[in-house]
Amino acid sequence: MALSRRSRPKHSMLVQQLLALVQEIRDRGETCLPSERELGEQFGVSRVTVRNALAELEEQGQIYRVQGKGAFVSTEKFHQPLSSLTSFTQDMDSQGMVSGARILALETIPAPRMVAKLLRISEDSQVLLLRRLRSINAEPIAIENCYLPSHLGQVLQSHFRQDSSLYALLQKHCGITPVWAEQSFEVGSLFPWEQNLFGEKAPPYAMCTTRLTFDQNDNPIEYVESKYRADRYAYHVRMEAQHAYGEYRP
Ligand code: GLP
């Protein structure tokens, strides 16, 4: 979008005004933006200026436009930074959100073969399964199936509460600090019971992640399979180039 020097301040100001309007619309639980003509009248600018500002908001992911129907506010997404190991509670605290959890299961089960291998325990061992429905500002957002070595069972049974942070509890009551992890991501579908937990507005697919977390002694301490609502969750990573880009081949 090429803007003349003269129109730049007007454009930036309109972008800010539209961002505030987008937030107001979100707060009202609505999605539809007024038409370009109405926005032009409201902010005293031309339709071209409105169109350029809307294009910028679209680039930022704040709105999306549907041909013949108008502009709509995008659903706000929650962000998980990927550059450091954090807990769900920490991620939400840092964004000013209230994290919550409903414990769906906390039980000792025979270790599934793959889990035993990853946690480096024998195949006939038991593991602790902690299944939680995680929420953000009371909205269900993720289902986590967390497998932990069974010796942590007693501590969890006696100290763990619905909204407890697992990582904070491991550190405080078990002397275990989650230090690093390997995490993978892929798109997958939801089982009907999972879809029910997320509610009818949730799409039937999810961002599926696995995380294998290690403590300060490089011992695996949890293996987690999670499903995050794909329409509400986004991941963020900062990248830095390590190498030159080679020769330019025209
Ligand atoms: C994230 C990770 C899980 C981890 C959890 C701990 O959600 N994907 O692997 O178990 O954080 O979060 P909290 O300490 O809030 O319970």
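The shown structure was predicted, so the numbers you read here are calculated from the model rather than taken from an experiment. In each ligand, atom 1 is the first atom listed, and ligand 1 is the first ligand listed.
In terms of protein heavy atoms, atom 12 (O) of ligand 1 is closest to Phe88 N, 3.2 Å. Distance from atom 14 (O) of ligand 1 to its nearest protein heavy atom, with residue and atom name: Ser165 OG, 2.6 Å.
Counting heavy atoms closer than 4.0 Å to ligand 1, residue Phe160 contributes nothing at all. Residue Val224 touches ligand 1 through its side chain alone, judged by heavy-atom distances below 4.0 Å. Residue contacts with ligand 1, taken as heavy atom pairs separated by less than 4.0 Å, do not involve Gln90 at all.
Taking distance alone, with nitrogen or oxygen atoms compared against 3.5 Å, Glu144 approaches ligand 1 more closely than that limit. Annotation: Arg132 places an N or O atom under 3.5 Å from an N or O atom of ligand 1; distance criterion only. Geometrically, ligand 1 and Glu222 share a nitrogen or oxygen pair separated by less than 3.5 Å. The shortest N or O to N or O distance between Leu166 and ligand 1 is below 3.5 Å.
Atoms of ligand 1 found under 4.0 Å from any heavy atom of Thr89, numbered from 1 in the order shown, are 13 (P), 15 (O). Applying the 4.0 Å criterion to heavy atoms of Tyr167 picks out, from ligand 1, the atoms 4 (C), 6 (C), 9 (O), 10 (O), 14 (O). Taking a cut-off of under 4.0 Å to the non-hydrogen atoms of Tyr228, the atoms of ligand 1 that pass are 7 (O), 8 (N).
Donor-acceptor pairing under 3.5 Å is lacking for the side chains of Glu56 and Asn52. Thr213 and Glu222 are linked by a side-chain donor-acceptor pair at a separation below 3.5 angstrom, with hydrogens and angles left out of the test.
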Does the salt bridge (Lys or Arg N to Asp or Glu O under 4.0 Å) test come out yes or no for Glu240 and Arg238, once each step is laid out? CA-CA 7 Å; Glu240 278 180 34; Arg238 179 191 147 95; 2.5 Å; yes
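Screening Asn145, Val127, Val115, Leu148 for a side-chain contact (heavy atoms from CB on, under 4.5 Å) involving Tyr223 leaves a single residue, Val115.
Taken from CD1 in Ile176 to CD1 in Ile221, the straight-line distance is 6.0 Å, to the nearest 0.5 Å. The SG atom of Cys146 sits 6.5 Å away from atom CZ of Arg132, with the distance rounded to the nearest 0.5 Å. Taking CE from Met114 and CD from Glu123, the interatomic distance works out to 12.0 Å, rounded to the nearest 0.5 Å.
Within the cation-pi definition used here (under 6.0 Å to the ring centroid, within 45° of the axis), Lys227 qualifies as a partner of Phe191.
Using cut-offs of 30° and 60° on the angle between ring planes, the pair Tyr235 and Tyr228 is perpendicular.
For the ligand labelled ligand 1, residue Arg134 lies inside the 4.0 Å heavy-atom shell.
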